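Following: one structure in structure tokens, then a few remarks.
Since this is a predicted model, take the numbers as computed values, not measurements. Start at 1 with the first residue, then count along the sequence.
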Amino acid sequence: MTLNDLAERLGVPARQIRFLIAEGILPPAAKTGRAADGYDETHVLKGQRYLALHRMGMKPGSIKVLMAFDDAVPILQAGGVELRVDPGISPEAIDIETVVGAVEAALRAYVAKG
């Protein structure tokens, strides 16, 4: 579908779609050009999710962070906590001690808030 088709499906102006792409919230079109049919159902679904979260009062930056985890691979679920890994990172590139320390610090801060 074209940019205008996508905007119509989402009920927003085309400039908002361009903003969402520029911010990395939506992926770029598969094809470019004036009459490119570069948008698909993935764009629609991600756009709908963004708009729903925005209507709930979330800020664009927070939504971007939340949506970045959509493609992450869940590797652990325990005690109500889920650990996900970006599918684009090589397992060899993960510094386990650093990650474990950051997770522990974040969980301790969360628990301390009550």
Side-chain angles (χ1 to χ4, degrees):
M1 75 184 79
T2 66
L3 176 65
N4 289 330
D5 294 336
L6 177 60
E8 186 176 317
R9 289 270 307 267
L10 295 175
V12 299
R15 71 179 181 280
Q16 188 168 2
I17 303 297
R18 287 189 203 96
F19 167 79
L20 296 174
I21 292 168
E23 289 295 310
I25 294 167
L26 291 181
K31 300 177 188 174
T32 57
R34 257 198 128 106
D37 296 327
Y39 301 97
D40 58 24
E41 290 303 311
T42 300
H43 292 89
V44 173
L45 293 173
K46 287 187 179 221
Q48 288 172 334
R49 181 160 185 232
Y50 172 86
L51 293 170
L53 293 168
H54 192 263
R55 281 191 296 272
M56 291 171 49
M58 290 186 73
K59 304 281 186 208
S62 299
I63 298 171
K64 180 179 178 179
V65 170
L66 181 64
M67 290 182 67
F69 287 97
D70 282 352
D71 298 326
V73 178
I75 62 168
L76 170 71
Q77 291 182 335
V81 176
E82 181 172 86
L83 177 63
R84 291 178 175 232
V85 176
D86 181 337
I89 191 167
S90 165
E92 297 84 26
I94 299 172
D95 181 345
I96 294 172
E97 287 76 25
T98 301
V99 172
V100 168
V103 169
E104 182 178 5
L107 287 172
R108 288 189 185 284
Y110 178 78
V111 169
K113 290 180 183 178

- Query: Can you name the residues that form a side-chain contact (heavy atoms from CB on, under 4.5 Å) with Pro28, not counting sequence neighbours?
  - Reply: Ile21
- Message: Which heavy atom of Pro13 sits nearest to which heavy atom of Ala7, and what is that distance?
- Response: C-CB, 4.0 Å
- Give me the one residue out of Thr2, Asp5, Leu6, Asn4 that meets side chain to side chain contact (heavy atoms under 4.5 Å, CB included) with Tyr39. Leu6
- Query: Given the rule that I, L, V, M, F, W and Y join up when any side-chain heavy atoms are under 4.5 Å apart, are Leu45 and Leu26 in one cluster?
  - Reply: no
- Quick one: closest heavy-atom pair of Gly38 and His43, and the distance? O-CE1, 3.8 Å
- Message: With a 4.5 Å cut-off on side-chain heavy atoms, are Arg18 and Leu3 touching?
- Response: yes
- Val44 vs Met1 side-chain heavy atoms within contact, under 4.5 Å: yes
- Item | Heavy-atom check, side chain of Met58 versus side chain of Leu66, under 4.5 Å | yes
Quiz: residues 47-57 side-chain donor-acceptor pairs under 3.5 angstrom, not counting sequence neighbours:
unit_1 : atom_1 : unit_2 : atom_2 : d
Arg49  : NH1    : Asp70  : OD1    : 2.2
Arg49  : NH1    : Asp70  : OD2    : 2.8

- Kindly check if the number of other-residue, nucleotide or ligand heavy atoms within 6.0 Å of CD (Glu82) is above 12? yes
Under 3.5 Å, sequence neighbours excluded: what are the donor-acceptor pairs made by side chains of residues 87-114?
unit_1 : atom_1 : unit_2 : atom_2 : d
Ser90  : OG     : Glu92  : N      : 3.4
Ser90  : OG     : Glu92  : OE1    : 2.4
Asp95  : OD1    : Glu97  : N      : 3.4
Asp95  : OD1    : Thr98  : N      : 3.4
Asp95  : OD1    : Thr98  : OG1    : 3.4
Asp95  : OD2    : Thr98  : OG1    : 2.8
Glu104 : OE2    : Arg108 : NE     : 3.0
Glu104 : OE2    : Arg108 : NH2    : 2.9

